[in-house]
*Asks:* 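My questions will all concern the structure given below.
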2 protein chains.
Amino acid sequence: MVASSRTATAVHALAFLAQWQGGELRSSQAIAESLDSNPAFVRRVLGRLRERGLVVAVEGAAGGWRLAKPAEEITLRDVHAVADDGAVPLPVHAHPPNRNCVIGRHMLSLLESEFADAQRAMEERLAQTSIADLLGRVYRSERAEEAARGN
Amino acid sequence: MVASSRTATAVHALAFLAQWQGGELRSSQAIAESLDSNPAFVRRVLGRLRERGLVVAVEGAAGGWRLAKPAEEITLRDVHAVADDGAVPLPVHAHPPNRNCVIGRHMLSLLESEFADAQRAMEERLAQTSIADLLGRVYRSERAEEAARGN
DNA sequence: TCAAACTGTGACTAATCTGGTTACGGTTAC
DNA sequence: GTAACCGTAACCAGATTAGTCACAGTTTGA
């Protein structure tokens with residue numbers, strides 16, 4: 001499979017922005033540095049989140065990005081649905097099967113139903129975690145590592 | 001996303017084979033006709049299922065394929081795990097993020113954990129359906145359509 | 001013995017998507 | 001008016017997709 005890591009990129013960027021609760025703007029350059037990527041790619045990924053109301057972009061000098069709503073209200077399901085738009089983890093037949101066969105007549109719609117259910121289960125798990133949850137766990141991991149190093 | 005439809009192809013082929021409970025052999029040509037595809041592609045997909053003990057292939061004239069175990073004992077999770085080998089529906093970062101950033105230091109492992117949980121939820125849903133279940137529903141749909149047509 | 005019917009597999013194709021990059025126009029702050 | 005941004009189009013190499021052809025190896029059965 002060649003699935004895209006745009007969801008991972010978007011979640012990372014949103015958590016990065018969530019660090020500034022006041023909603024200060026961060027540039028795509030700054031976000032790209034955290035991702036070890038480049039600003040144009042970040043703008044492309046965040047552009048979709050902007051269209052769907054997850055982030056706000058401000059143009060011009062001193063412009064940049066901020067969350068459009070509290071990090072508690074953005075779940076991984078929201079991000080996945082937007083970043084990897086209609087991504088289907090379990091595609092059905094590439095083209096319709098043979099209708100002269102009883103399996104061919106019915107398997108396509110059965111699989112559509114089964115695979116949609118499975119995808120929904122995945123998305124419901126994603127919906128249980130918010131950007132705020134992840135940021136909290138980032139900070140917790142960081143404190144744990146500092147403590148382990150004896151600071 | 002560009003996920004493969006090999007799971008769908010494999011499930012279809014297995015349900016096709018499950019029609020012959022006695023385990024009679026069916027050729028890749030016959031399976032390809034049901035899929036409206038071609039024998040070489042079918043052999044490649046089924047070849048992986050053979051390596052993992054889901055089907056048996058018999059070479060030579062009068063050769064072909066049959067299920068290696070009862071259709072009740074083959075779930076969609078089994079098929080997916082084999083047909084789309086280590087397919088990952090939610091990949092993490094394409095390359096590791098910047099460790100000079102607190103988000104970069106921790107987001108990768110957090111996402112690995114979250115995405116693995118989500119994938120597991122999807123697979124558990126797939127595990128609830130067997131090839132025998134699907135074949136039963138194929139026959140049920142067929143009978144329903146015949147009844148609707150007034151036979 | 002030999003032809004026919006299979007599986008197994010390598011090689012190739014066109015199409016599509018991936019992350020990455022450069023370039024440049026539009027917008028805004030200072 | 002310049003510098004720092006976003007927005008977007010265009011392009012890249014690499015990977016993967018389903019699909020196809022070809023052919024070697026195996027087995028049946030006439």
Side-chain angles (χ1 to χ4, degrees), chain A residues 1-10 12-13 17 24-33 35-52 55-66 68 83-98, chain B residues 1-10 12-13 17 24-33 35-52 55-66 68 83-98:
Chain A
M1 166 185 291
V2 190
S4 93
S5 62
R6 277 192 293 267
T7 295
T9 301
H12 184 126
L17 293 176
E24 292 113 84
L25 299 174
R26 293 287 135 179
S27 71
S28 50
Q29 172 66 44
I31 299 168
E33 279 170 14
L35 281 161
D36 192 20
S37 181
N38 67 86
F41 181 55
V42 168
R43 286 199 289 269
R44 258 200 313 226
V45 172
L46 288 188
R48 311 181 71 152
L49 307 199
R50 182 202 58 214
E51 293 168 7
R52 303 278 285 270
V55 294
V56 170
V58 175
E59 293 193 359
W65 306 81
R66 63 175 174 83
D84 271 310
D85 202 4
V88 176
L90 292 164
V92 294
H93 304 64
H95 56 79
N98 187 342
Chain B
M1 163 183 294
V2 191
S4 91
S5 63
R6 278 193 293 269
T7 295
T9 301
H12 184 127
L17 293 176
E24 292 114 82
L25 300 174
R26 292 287 136 177
S27 71
S28 51
Q29 172 65 44
I31 299 168
E33 280 171 13
L35 281 160
D36 192 21
S37 180
N38 67 86
F41 181 56
V42 168
R43 287 199 291 269
R44 260 198 309 221
V45 172
L46 288 188
R48 311 181 72 153
L49 307 198
R50 183 201 59 215
E51 293 167 7
R52 303 279 285 271
V55 294
V56 171
V58 175
E59 292 193 0
W65 306 81
R66 63 175 174 83
D84 271 309
D85 202 5
V88 176
L90 291 164
V92 294
H93 303 64
H95 56 78
N98 187 343

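Protein chains get the first letters and strands the later ones, always in sequence-line order, with residue 1 at the start of each.
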*Asks:* Nearest whole angstrom, please: distance from the P of C/dG19 to the CG of A/Leu35.
*Replies:*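 In whole Å, C/dG19 P and A/Leu35 CG are 12 Å from each other.
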*Asks:* Please produce a list of atom pairs where a protein N or O lies less than 3.5 Å from an N or O of nucleotides 11-15 of chain C.
*Replies:*
{"residue": "C/dA11", "atom": "N6", "partner": "B/Arg44", "partner atom": "NH1", "Å": "2.9"}

*Asks:* Over how many whole Å does the gap from B/Leu17 atom CG to C/dT7 atom C1' extend?
*Replies:*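 Distance, rounded to whole Å: 14 Å.
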*Asks:* In terms of side-chain heavy atoms of B/Ser27, which of C/dG8, D/dA18, C/dC6 is nearest?
*Replies:*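 Closest of the options to the side chain of B/Ser27: C/dC6.
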*Asks:* Using five pairs at either end of the helix from C/dT1-D/dA30 to C/dC30-D/dG1, determine the angle between the two local helix axes and round it to 10 degrees.
*Replies:*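 The angle separating the two end axes equals 0°.
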*Asks:* Side chain of A/Trp65 only, heavy atoms from C-beta on: which candidate in C/dT9, D/dG19, D/dC6 is closest?
*Replies:*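 Shortest atom-to-atom distance from the side chain points to D/dC6.
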*Asks:* Mapping A/Gly63 and A/Glu51 to their closest nucleotides on DNA chain D, which lands nearer the 5' end?
*Replies:*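 Closest to the 5' end, via its nearest nucleotide, is A/Gly63.
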*Asks:* Among all residues two or more places apart in sequence or in another chain, which pass the side-chain contact (heavy atoms from CB on, under 4.5 Å) test with A/Ala68?
*Replies:*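 Residues passing side-chain contact (heavy atoms from CB on, under 4.5 Å) with A/Ala68: A/Val56.
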*Asks:* Which residue, A/Asp36 or B/Ala57, contacts DNA chain C at a nucleotide closer to its 5' end, judged by nearest heavy atom?
*Replies:*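 Looking at the nearest nucleotide for each, B/Ala57 comes out on the 5' side.
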*Asks:* For A/Gln29, give me all partners under side-chain contact (heavy atoms from CB on, under 4.5 Å), at least two apart in sequence or on another chain.
*Replies:*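 Scan of A/Gln29 (side-chain contact (heavy atoms from CB on, under 4.5 Å), adjacent residues dropped) gives A/Ser27, A/Glu33, A/Pro39.
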*Asks:* Of the listed nucleotides (D/dG19, C/dG8, C/dG19), which one gets closest to any side-chain atom of A/His95?
*Replies:*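 The listed nucleotide nearest to A/His95's side chain is D/dG19.
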*Asks:* Roughly how many Å is it from CG in A/Leu25 to P in D/dA4, rounded to a whole number?
*Replies:*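 Distance, rounded to whole Å: 17 Å.
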*Asks:* Is B/Ser37 close enough to D/dG19 that one of its side-chain N or O atoms is under 4.0 Å from OP1 or OP2 there?
*Replies:*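 For B/Ser37, the contact criterion (side-chain N or O under 4.0 Å from OP1 or OP2 of D/dG19) is met.
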*Asks:* For B/Arg48, check salt bridge (Lys or Arg N to Asp or Glu O under 4.0 Å) against everything at least two apart and list the hits.
*Replies:*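 Scan of B/Arg48 (salt bridge (Lys or Arg N to Asp or Glu O under 4.0 Å), adjacent residues dropped) gives B/Asp85.
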*Asks:* Which letters describe nucleotides 22-30 of chain C, given B = protein heavy atom under 4.0 Å from base, S = only from sugar-phosphate, - = neither?
*Replies:* BB---BBS-
*Asks:* When the distance from CG of B/Asp84 to C1' of D/dT17 is rounded to whole Å, what number comes out?
*Replies:*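 My rounded result for the distance is 11 Å.
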*Asks:* Whole-Å distance between C/dT9 P and B/Leu46 CG?
*Replies:*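 About 13 Å, once rounded to whole Å.
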*Asks:* CZ of A/Phe41 versus P of C/dC17: gap in Å, rounded?
*Replies:*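 After rounding, the reported distance stands at 15 Å.
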